[in-house]
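Notes to accompany the following structure.
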Amino acid sequence: MKRWLVIATGALLLISFGAFTQGDELLQKALQEGKVVFYANITAVEPIMEAFHDKYGVIAEYTRISTAKYLPTVLTEFGAGKLLADVLQAPVPILEILKKQGVLAPYTSPVAGAYPEWTMDPDGIIQIFGIEYVGIIYNKDVLSPDEVPTRYQDLADPKWYGKIVMPNPTSHATTISWLIGLKEKVFETEEEWWDFLRGLAANKPMFVKSFGPTPGPIETGERPIGISMPKYIITKSPAPLDWARLKQPLLGTPRGIALSSVASHPNAARLFIDYWLSEEAMKLLSTHVGEYVLRRGVYPPIEGIKDATVLPVRTLSEEELEYWAEKFSEIFGG
Amino acid sequence: MKGDMLRPRISPLMLVLILVVGCLTVGPVLMLILGSFSRGIGAFGAFTVEKYIRVYTDPTLHKTLLNTVIFTAGSSLFATALALILAYLNVRTDIPLKGLFHLISIIPMMIPHIVFATSWALLLNPSNGILNLFLREVLGLKKSLFNIYTLGGMIMVEGLLDFPIAYLIIAPAMASFDAALEEAAWVSGGSKFRALQRITLPILRPAILASLALVVVRSLAAFAVPSVIGMPGRVYVLTTYIYRLISLGFMPDYGRAAAAGVSVLVTSTVLVYVYRRLTTRSERYVTISARGYKPAIIGLGRWRYPLSLLTSFLFLILIVIPVLVLLYVSLIPYVMPPSAKAFSMVTLKHWNYVLRDPLSLRALKNSVFLALVGASLGILLSTFVSYIIVREKTVGSALLENLAFFSYSFPGLVIGIGFMWFFVHTPLYATIWALLIGYIATYLPYGIRPLTSAFIQISEDLEEASKVAGAGFLYTFRRVVVPLATPGIVSGWILMASMFLRELSLSAVLSRPGTEVLAVQILRFADDSLWGQVSALGILMIALSTIMATLATLVGRKTAKARRTG
Amino acid sequence: MEIKVKELTKVFRSPSGEEVRALKSVNLAIPANKIFTLLGPSGCGKTTLLRCIVGLEVPDAGEIVIGDTVVCSKARRIFVPPNKRGISMVFQTYAIWPHMTVFDNVAYPLQARKVPKEEIRRRVMETLRFVKLEGLENRPATALSGGQQQRVALARALVSEPKVILFDEPLSNLDAKLREETRKELRRFLTELGITALYVTHDRLEALTLSDLVAVMRNGVVVEVGAPLDIYFRPKHRFVADFIGKANFIEGTVESTKGDYVQVATPIGRIACRYVEDAVPWQKVTVCVRPEAIELGRPGQTPGKTNVFRGRVVSLLFVGENYEGEVRVGETVLAVKASPSSPLAEGDEVSVYLDPSQCHILKE
């Protein structure tokens, strides 16, 4: 009896030790590598970098690269054999191009199971973790919740003449993809979508270069309503911003993360991806930055967002983008 | 007799400088031009002219080009005219409040353009611009008086932003020319106005042309004003057109953007050529001679106070208002028109954030390093380059001058990529030295222009006298040329240092962890519309630049004093 | 130290590609320790020649030898830069460095040659005393008067004790009275120091009063070299005679060369001229007479036997020291001078006497 107990305890110890060493091994190797370099398009993620460092003692270096410079930078470095990044985060269309160029390596994180099935790349390379969701944002000091739109179509109402701000639909790729997403996933008929576009154009929205500058005119009241991002309700708090509770789904470009195929710190990189996808990091992302993440049960602290449907838009080809940019110039008089 | 001639021999110094400047500026531009002829989105690919065809057959291009011409011509004329008037008032008249001029000429350069443009949008937008609301109230109007989102608004804001460049070139020239020439004109019966028109302006021609050339090239490449003010009004110029080329789609084709940028490069090259043609007879303008160079001060009489009102007004709109807006925005939790509510919410949280953010602090440190070291090395190079451009009338000097303008002439949105394509093949990639070299290469004209106008005004006799007195080239340079050019050197240093402190277009591409700089940090905040943090960093930037500029001026003045007292 | 210039040629090209031949195979020997002046109208190449000698211009052909050193030879590919030639120069604009004091301006050539500090101080003060600028050494150079600046420039040129000193129209920026004083002073300085001085000017008076030797230049060529008196009274070329002072030129033909004088038939009559060996009968010549060699008297009052003509006073102008006037003899108008005490008036009949020893034959 005693002997059996000893054996059982020993076996248990061995097993647990083995399991422990497996996780520990990655950490040990990561610690030896000392740091991980992270190229990202997402902003304001410094808290996650710090938390990662505090937890594992591995330095995480974050370089923000804007969408327009992401591919040129990464491909140039990759082509010259000088890609500094170990982990790359970007909108999925960009990661897909990188994948084709062989910049990315497969890695399936042990925590990937906490994400919906569709977020996983069939090749096991890109892991989608969030959606850059777009909504109708308004200044609640200027407008009351009952006068704001409940449907996208309401933005075409002439009462919004001269009151709307939005990213330039004749040049901003994400906005073009979003409008096409509305056509394909939200509006019942294409005719209805065209009416919406024409109505929106007739309201003479103010164009800014991307989503970044959209909350500015809303918070000052220069344009009290706009096509913007709900995450600004968090990042710009306590600015009087709120989102219009639409009956229709919210759309956005999916955000992904992947391992570099030429990572100089591959183990630290894996450790970092695991951490990035963990509940702890995703909570930081949603609480601090207001991001919409796909880990089950984690939501940004924005009232009512839990009940919203948030869908990813598909990747448009370069030809489609140019075609629609031209079309939108005709409609909006870009 | 000694002028007008062409020494056919290119000196060794000229060769060395052509080589150095060429290496600095040609590399990245060459990469871009390669890219514009290559298939795909890199610098190297199969040859194609398709990118040019697509850009230059675009039916919307001609309207864009027209806007560009109006915008560029308008803002450069506005900036230069303003600089001329203010420099004249400051240097040559007894106008009160002279201290203001110094600030007016320098501080606006230190305000990040995007912040300056945004604060003007805050003041003059037709919906709820603070000034518009105020005027509506006072005058009882129904509609807003001003709309900033127009070509006129763009010209005004860009002109104000470029005005200090013009001032820093024209004022030293104004300060160092022989007043006897003007006096001669009055004595011979002309009125003061006639003297101004017939004598003063023609003598200042090299400086005026230099200023125009620089501002034209600058506004051709400007992006902040066209994007913050032009785009909401749907007024597109070449840079916003290029932005459209690279932001449309995830595979931004910088080769195509470079193809569009080539027209800017060609325009600038032609301008530099024309500028050189107009100033070849530089001897005609030699004005610092042994007979002293203290400009006479003209009494303004009853115009003294009305004119000082003008300067005070400029001071208000160029400095007080933008800085106040920055300060205000940095102290309120979110941007809103000033109100009792706003003032009740004053908070230091943005400041706390910025001052505790390790990235921002490192960016601060890096930017100061780049400004101090970069401007000093840059001015050293510029001194030799502009000296040889002025003194050696060979084909080499035309070549050198064009080379110096090369990467500066390319729109900033694109040139950064050129530098990246270039540096990635060197061990400098992702180091602070890549930034340093890129800065100097791109902003070389900021050092060269003021120095060229300074050198044109130093009589060649003074150097020949030194040679005959037994001094070699370097000794002459150190003891005669440099001291006489001190005002130009100080101007150039200030221009370069404040430029480097707020440099964005290159840094946005070349900055990596460890080499963060201020403007990139500001952009990062601006991309998330975090205007509070943007403003706090902006104020820090202005404060730092002001300190550097003040120190440089003091050093310059001390040198000047030292030389007077021996 | 002696300076020799051999076959020196300099061509300037204007930006439009035109060629200007500033010096055409110039040969010149400047003897040691003399004041040698290059005189000529502007554009004659005198400044270019000076600048070639000092080394500020590179000639296209020819050779320059200073003392025993070849400082410039196109054929032998030698070019010694100005700072190594050991020559000093005073510039037309003085080229005083406006950012330095008087002391620093003068000390500069010694500082550039790394002379010890103590010695610099001693030599600068000595030189300043020599040019009478003591006590002004700490003034900013630009605070001085024109004449004082000129002396600073001179002091700067002298302080390095050069063997050769060049002057490029150094007095042209001074007013008339100061110019005269400075001229005398300069001559005194230079003779006292006993150094070779090459002086460029377009002012004939300056050339005549200052120099030991004068070279007259025209269109890139040295026309004539001589002592001031020879150049003035016995020029060989009409251009020189004309440039160096007022002169009357009377065309004529040699009649005879016998006796003490050469007889020349001219429109106003036969003129006896100073004997020259190479004059032959029937030769076309020009007789050159300076106004001061013409004496006027009442009709009948004849100061000499020959060379007396009848004329009429056309004009008479008081110019300070004497009268300058014109007298018509036959169809020829002669420039003349008369003393202020002369009782002549315009329109008077006069006898005109040309001093045969000062009637000079030019062959052209």
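Chain letters run A, B, ... following the sequence lines, proteins first, then strands; residues in each count from 1.
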Response to the item:
CD (B:E460) and OG1 (C:T93) are apart, to the nearest 0.5 Å, by 11.5 Å
Response to the item:
Distance col, row C:I96:CD1 vs B:D461:CG, nearest 0.5 angstrom, shows 11.0 Å
Fill in: Contact class of C:S88 relative to chain B, heavy atoms under 4.5 angstrom
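Backbone of C:S88 only, per the 4.5 Å heavy-atom cut-off to chain B.
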Response to the item:
Okay, C:Q92 and chain B: the region with an atom under 4.5 Å from a heavy atom over there is neither
Practice prompt. Determine whether more than 12 heavy atoms belonging to other residues, nucleotides or ligands lie under 6.0 Å from atom NZ of C:K163.
Written response: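 Not more than 12 within 6.0 Å, no.
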Worksheet item: More than 12 foreign heavy atoms under 6.0 Å from CD of C:E119: is that the case here?
Response: yes
Discussion item. Looking at chain B, which one of C:A153, C:A112, C:G55, C:G146 has the largest number of heavy-atom pairs inside 4.5 Å, strictly under?
Written reply: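 Ranked by contacts with chain B, first place is C:A112.
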Provide the closest heavy-atom pair for [X] versus [Y] in the form atom of the first, atom of the second, distance.
X	Y	value
B:E464	C:R51	OE2-NH2, 2.6 Å
B:L484	C:H99	CD2-ND1, 3.4 Å
C:R113	B:G470	NH2-CA, 3.5 Å
B:A469	C:Y108	CB-CD2, 4.0 Å
C:W97	B:L462	NE1-O, 2.6 Å

Worksheet item: Can you pull out the residues in residues 62-87 of chain C with any heavy atom less than 4.5 Å from chain B?
Response: C:P82, C:N83, C:I87
